[in-house]
Amino acid sequence: MVGVFPEQRPRRLRTTPAMRRLVSETTLRPRQLILPMFVAEGAQAPRPISSMPGVVQHTRDTLRKAAVEAVNAGVGGLMLFGIPATRDAEGSGAIDEKGILNVALRDLRSELGDATVLMADTCLDEFTDHGHCGVLDADGAVDNDATLRVYAEMAVAQAEAGAHMLGPSGMMDGQVGVIRRALDEVGHSETAILAYATKYASAFFGPFREAVDSQLKGDRKTYQQDPGNGREALREIELDLGEGADLIMVKPALSYLDVVKAAADISPVPVAAYNISGEYAMVEAAAANGWLDRERTVLEVLTSIRRAGADLILSYWAAEAAAWLD
């Protein structure tokens, strides 16, 4: 039988910093953090992203420098997004070995080797002139199977450019299996897949649209998930696991901590969660107004995602938080 006050005093385990550290249930370490980074074709200087204070579209040179600094701070990996100078309906810059994302992957692999896990966003939205994550059919809808064929080519290009891990984020049915087969067929069987298994059509993506200079008109509700659906997320996870995902991701994180928990409960592979642009922007805006203690809030946010069950967290605070943690 559980005792009652005064015999039971939970505050005994909160008396000193050393005591609290000893009994802490959730750890947050630099190695569990992944830094998303943006690189813009033709940029002569870093371009600030107004809705994400402190985050920039890098030049190739500043990307190298910032990547080395992040790795030295102890982050576990880097997720790279490319912003091309020109776009077309097929997103051909995603496949071109001279396209900005593939060039930047080569830059970082040359600079860092295997000192970190270099990841690439395997999606077309940054490269299409319509802003959707796939190619369109004659009626203007995203063509799932035609998109898969492009994803396969994109994945091979990224692996050959030096990515250790690919992040298919377009929420096309069958994307993980198609990418896995394409990689294996050309000898990239060791390139891992971080499947964006459950990605919601969220309002919190707003600042990201600025970050990648998105051309999107309309929305992505025909392929990203309804924010009200939880069981559907588990179905998506199971499908991606069946297709060979090496890790799975829930995106966004903060409004979907219940989904992160549910994913962790069923997944035999590591679970990642993406602490996305709108979540970052809210905290930064409140901190800038003096309404929140910035460092404490950032670490609390990241700890909450770990507590929910995420093994890895993608966050724009990754490098800064890594320095705080050490």
Side-chain angles (χ1 to χ4, degrees), residues 1-36 52-55 70 72-77 198 200 202-204 207 227-228 230-231 233-234 237 247-326:
M1 181 177 180
V2 177
V4 295
F5 180 83
E7 289 82 9
Q8 293 293 324
R9 293 180 180 264
R11 286 183 58 190
R12 292 186 187 116
L13 300 184
R14 305 172 197 152
T15 52
T16 66
M19 183 70 78
R20 294 190 294 273
R21 184 172 61 247
L22 179 68
V23 300
S24 178
E25 298 175 20
T26 303
T27 58
L28 179 64
R29 304 304 305 147
R31 67 174 181 81
Q32 296 161 334
L33 303 176
I34 298 165
L35 179 64
M52 300 173 67
V55 181
N72 288 341
V75 301
T198 175
Y200 286 89
S202 171
F204 288 101
R231 287 192 300 271
L234 300 185
I237 289 167
L247 307 88
I248 60 167
M249 188 193 295
V250 176
K251 183 178 183 180
L254 284 183
S255 292
Y256 300 90
L257 293 178
D258 59 325
V259 180
V260 175
K261 174 64 166 61
D265 285 345
I266 67 168
S267 177
V269 302
V271 175
Y274 201 140
N275 175 212
I276 68 169
S277 60
E279 298 166 351
Y280 174 92
M282 288 192 304
V283 171
E284 289 294 334
N289 278 285
W291 299 335
L292 294 173
D293 178 311
R294 183 173 178 272
E295 181 175 334
R296 285 186 60 197
T297 302
V298 168
L299 293 178
E300 186 172 335
V301 164
L302 297 176
T303 299
S304 76
I305 300 168
R306 283 278 297 128
R307 190 184 65 244
D311 301 292
L312 308 168
I313 304 170
L314 285 82
S315 175
Y316 302 101
W317 290 305
E320 192 173 11
W324 294 338
L325 293 169
D326 277 354

side-chain contact (heavy atoms from CB on, under 4.5 Å) between Glu320 and Val298, intermediate numbers included: CA-CA 10 Å; Glu320 192 173 11; Val298 168; over 6 Å; no
field: Distance, nearest 0.5 Å, that separates CG of Leu314 from NZ of Lys251
entry: 8.0 Å
query: When rounded to the nearest 0.5 angstrom, what distance separates CG in Leu292 from CD in Glu300?
result: 9.5 Å
query: So, do Pro207 and Tyr280 sit near enough that their side-chain heavy atoms are less than 4.5 Å apart?
result: no
- prompt: Can Arg29 and Leu325 be said to form a side-chain contact (heavy atoms from CB on, under 4.5 Å), step by step?
  reply: CA-CA 7 Å; Arg29 304 304 305 147; Leu325 293 169; 4.1 Å; yes
message: Which heavy atom of Ala273 sits nearest to which heavy atom of Ile305, and what is that distance?
response: CB-CG2, 3.6 Å
message: As a quick check of understanding, evaluate side-chain contact (heavy atoms from CB on, under 4.5 Å) for Leu302 and Gln32, giving each step before the final call.
response: CA-CA 10 Å; Leu302 297 176; Gln32 296 161 334; over 6 Å; no
query: Given side chains that start at C-beta, do those of Asp311 and Leu247 come closer than 4.5 Å, heavy atoms only?
result: no
message: Please check this pair: side chain of Tyr256 against backbone of Gly230, looking for a donor-acceptor N/O pair closer than 3.5 Å.
response: no
query: Can you check whether Arg20's main-chain N or O pairs, donor with acceptor, with Ser24's side chain at less than 3.5 Å?
result: no
- request: Give a yes-or-no answer on whether the side chains of Trp317 and Glu279 include a donor-acceptor pair shorter than 3.5 Å.
  value: no
query: Hey, what do you get for CD (Glu284) to OG1 (Thr297), rounding to the nearest 0.5 Å?
result: 10.0 Å
query: Does Ser304 reach the main-chain N or O of Val301 with its side chain, forming a donor-acceptor pair under 3.5 Å?
result: yes
statement: Closest heavy-atom pair, Ala263 versus Leu234, reported as atoms and distance to 0.1 Å, is N-CD2, 4.3 Å
message: Could you report the tightest heavy-atom contact between Ile276 and Tyr316, atom names first, then the distance?
response: C-CE1, 3.9 Å
Working for side-chain contact (heavy atoms from CB on, under 4.5 Å), residues Lys261 and Leu257: CA-CA 6 Å; Lys261 174 64 166 61; Leu257 293 178; over 6 Å; no
- prompt: Atom CD in Glu25, atom CZ in Arg306: separation rounded to 0.5 Å?
  reply: 12.5 Å
Non-hydrogen side-chain atoms of Tyr200 and Pro252 separated by less than 4.5 Å: yes
query: Arg31 and Leu312: which non-hydrogen atoms are nearest, and at how many Å?
result: O-CD2, 4.4 Å
field: Closest non-hydrogen atom pair between Leu33 and Ala321, with its separation
entry: CD1-CB, 4.0 Å
query: Nearest heavy-atom pair of Ala322 and Ala73: which atoms, and what distance?
result: CB-O, 3.5 Å
